[in-house]
Student: 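Quick one: the structure is below, and I'll ask about it shortly.
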Amino acid sequence: MEREGIDALLVTDLGMVQWLTGFTGSYGMVALTPSEGVFVSDSRYTIQAGEEVAGVEVAITSSPQKPLDLMAERVQKLGIEKLACDSRTTTFDTWRQWEEKFRPATIMPSPDILTPLRMIKSVDEIEKIQKACGIADACMQHAYRMVQPGVREYDILLEIEFFIRRQGAALAFEPIVVSGHRSARPHGHASEKKLEPGDFVTLDLGANLDGYNSDITRTVVVGKASDRHRRIYELVLEAEQTAIKALVPGANGKDVDQLARDVLDRENLSQYFGHGLGHGLGKSVHDFGRLAAGADQPIAVGQVWTVEPGVYIEGFGGCRIEDDVWVTSEGPSVLTHVDRSLLELP
């Protein structure tokens, strides 16, 4: 902040507010100087903010005062002259309102100061992600019991949701359950389709526990796998394992992505792999950072990534294998542990 000539950061993105303060409610904002800060919310969160927010002053409004007015008072009290805001997440109308509200402070676009910090997970954050991964592992094993002919995709989705909530967690996202030709949809929604012998079945699920997420995908076959099933699965698995081994400090995400595509291209399959190799994982499921062809993404100790190559062939089906990977000084540490061999179920 001192290097950029910024007196304070105004943080209003809720995910970033939660990461900074520990607050889990639905409304709040933070102003940060290099040495202090203030969290502002309304009276709905008087008790919750007092219990959760750490490291900064807590200021709560009561009607008719508005939180933005209270924040403006605190900004003036702190003597802030240059207040930096995230122009990527702020509408033009809001920006104009802030310019008026925070005078005489000058509103300016914020350089990306917090994102690199958030990408490097603390020991406490890693422990929370590991617990969320443990629930996802157990849920995947539980869901396997439902993979048999005649079971609807939607029934498997409901069982996944029930299992995760029964563990005291929340869904990280709506689970993906797609089978047969529908498994060629990377983010397809579960339907009334019944599983049939010979179907690829892709299960993509995750848990949110204590504000941190997991994200895991497995693809299985109903009944007997064909030679085509086996060969596609083998190459997707090899692509994943090759990419995981390459997630070491000093690597670059775009190069790791290319390694996975090189494996698939042994049999001209990368043309069926249209999305990026992975994304950051943490407070958000799609946290900051991408492993993709166009992403110049340095790999560093403390980052957590999903690695999820896939092959999706219209009319036949799709296969994706995904694990969560923590980058350590000794190399990659895989946080999800469900068997990665091709399973023929039941």
Side-chain angles (χ1 to χ4, degrees), residues 131-209 212-226 228-230 232-233 236-237 240 272 274-275 279 281 284-286 306 308-324 335-346:
K131 290 178 181 178
C133 287
I135 292 175
D137 282 341
C139 184
M140 186 67 73
Q141 295 282 8
H142 178 76
Y144 282 167
R145 297 189 297 178
M146 295 192 68
V147 177
Q148 46 191 303
V151 175
R152 299 182 307 164
E153 294 172 353
Y154 193 67
D155 289 330
I156 299 176
L157 179 146
L158 292 175
E159 188 63 26
I160 289 171
E161 178 172 0
F162 181 66
F163 183 93
I164 289 174
R165 293 190 182 280
R166 192 167 50 199
Q167 312 312 308
L171 293 177
F173 52 89
E174 181 178 317
I176 296 169
V177 182
V178 284
S179 63
H181 66 90
R182 300 190 74 257
S183 62
R185 308 178 185 210
H187 274 196
H189 295 284
S191 73
E192 297 290 333
K193 180 188 176 302
K194 295 179 179 180
L195 274 54
E196 303 173 40
D199 279 353
F200 258 151
V201 181
T202 298
L203 307 171
D204 186 345
L205 58 91
N208 178 292
L209 186 68
Y212 285 81
N213 295 280
S214 55
D215 187 359
I216 183 174
T217 306
R218 292 291 184 267
T219 302
V220 300
V221 175
V222 182
K224 198 71 176 173
S226 67
R228 191 180 189 191
H229 284 125
R230 290 188 179 281
I232 290 173
Y233 191 94
V236 171
L237 179 59
E240 190 214 25
Y272 304 112
H275 58 75
H279 52 79
L281 182 73
S284 300
V285 177
H286 283 251
T306 68
E308 47 184 304
V311 167
Y312 314 95
I313 302 173
E314 187 174 355
F316 173 72
C319 171
R320 180 168 67 257
I321 306 170
E322 175 186 21
D323 286 290
D324 303 335
L335 303 178
T336 40
H337 303 293
V338 178
D339 188 1
R340 295 170 190 86
S341 58
L342 178 59
L343 299 181
E344 297 170 309
L345 301 174

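Numbering starts at 1 and runs along the sequence shown.
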Student: Do Met146 and Val177 make a side-chain contact, defined as non-hydrogen atoms from C-beta onward lying under 4.5 Å apart?
Tutor: no
Student: Locate the shortest heavy-atom distance separating Ala143 from Leu203; write the atom from each residue and the value.
Tutor: CB-CD1, 4.3 Å
Student: In Å and rounded to the nearest 0.5 Å, what is the CD to SG distance from Glu159 to Cys139?
Tutor: 8.0 Å
Student: Going by heavy atoms in the side chains, are Ile156 and Arg145 under 4.5 Å from each other?
Tutor: no
Student: Return the minimal non-hydrogen interatomic distance between Ala172 and Val285, and the atom names on each side.
Tutor: O-CG2, 3.3 Å
Student: To the nearest 0.5 Å, how far apart are CD1 in Ile216 and CD in Glu308?
Tutor: 11.5 Å
Student: Take a 6.0 Å sphere around NZ of Lys193 and say whether it holds more than 12 heavy atoms from other residues, nucleotides or ligands.
Tutor: yes
Student: Hey, could you give me the NE2/CG distance between His181 and Asp199, rounded to the nearest 0.5 Å?
Tutor: 8.0 Å
Student: Are side-chain heavy atoms of Tyr144 and Val338 found at a separation under 4.5 Å?
Tutor: yes
Student: Once rounded to the nearest 0.5 Å, what's the spacing between atom CG of Leu205 and atom CD1 of Ile135?
Tutor: 11.0 Å
Student: List for me each residue that meets side-chain hydrogen bond (donor to acceptor under 3.5 Å, both in side chains) alongside Tyr233, sequence neighbours excluded, and say none if there are none.
Tutor: none
Student: Identify the heavy atoms of His279 and His286 that sit nearest to each other, and give their distance.
Tutor: CD2-CE1, 3.4 Å
Student: Find the distance between CD (Glu240) and CD (Glu322) and round it off to the nearest 0.5 Å.
Tutor: 8.5 Å
Student: Taking Pro346's backbone N and O only, do any of them form a donor-acceptor pair with Gln148's side chain (distance below 3.5 Å, no angle check)?
Tutor: no
Student: Taking the side chain as everything from C-beta on, heavy atoms only, tell me whether Tyr312 gets closer than 4.5 Å to Arg320.
Tutor: yes
Student: Quick one: does His187's side chain get under 4.5 Å of His275's, heavy atoms only?
Tutor: no
Student: If you look at every heavy atom in Gly188 and Ile176, which pair is closest and at what distance?
Tutor: O-CG2, 3.3 Å
Student: Between the side chain of Thr336 and the main-chain N/O of Asp324, is any donor-acceptor distance below 3.5 Å?
Tutor: yes
Student: Tell me, do Ile313 and Ile232 make a side-chain contact under 4.5 Å, heavy atoms counted?
Tutor: yes
Student: Any sub-3.5 Å donor-acceptor pair from Ser183's side-chain atoms to Gly318's backbone N or O?
Tutor: yes
Student: Check step by step if side-chain contact (heavy atoms from CB on, under 4.5 Å) holds for Arg218 and Ile321.
Tutor: CA-CA 5 Å; Arg218 292 291 184 267; Ile321 306 170; 4.0 Å; yes
Student: Using 0.5 Å steps for rounding, measure from the CD1 atom of Ile164 to the CG atom of Leu209.
Tutor: 11.0 Å
Student: With sequence neighbours left out, which residue pairs that include part of residues 166-188 fulfil the salt bridge (charged side-chain N to carboxylate O under 4.0 Å, His left out) condition?
Tutor: Glu153-Arg182
Student: For Ala190 and Leu157, which heavy atoms make the closest approach, and how far apart are they?
Tutor: CB-CD1, 3.7 Å
Student: Is a side-chain donor or acceptor of Asp339 paired with a backbone partner of Ser341 at a separation under 3.5 angstrom?
Tutor: yes
Student: Could you report the tightest heavy-atom contact between Leu281 and Ser214, atom names first, then the distance?
Tutor: CD2-CA, 4.1 Å
Student: Could you walk me through whether His229 and Phe316 pass the ring pair (Phe, Tyr, Trp, His ring centres under 6.0 Å) check?
Tutor: CA-CA 10 Å; His229 284 125; Phe316 173 72; 5.2 Å; yes
Student: Find out whether Asp204 and Asp215 are in side-chain contact, i.e. whether some heavy atom of one side chain is under 4.5 Å from a heavy atom of the other.
Tutor: yes
Student: Determine whether Leu335 and Asp323 make a side-chain contact, defined as any pair of heavy atoms from C-beta on separated by less than 4.5 Å.
Tutor: no
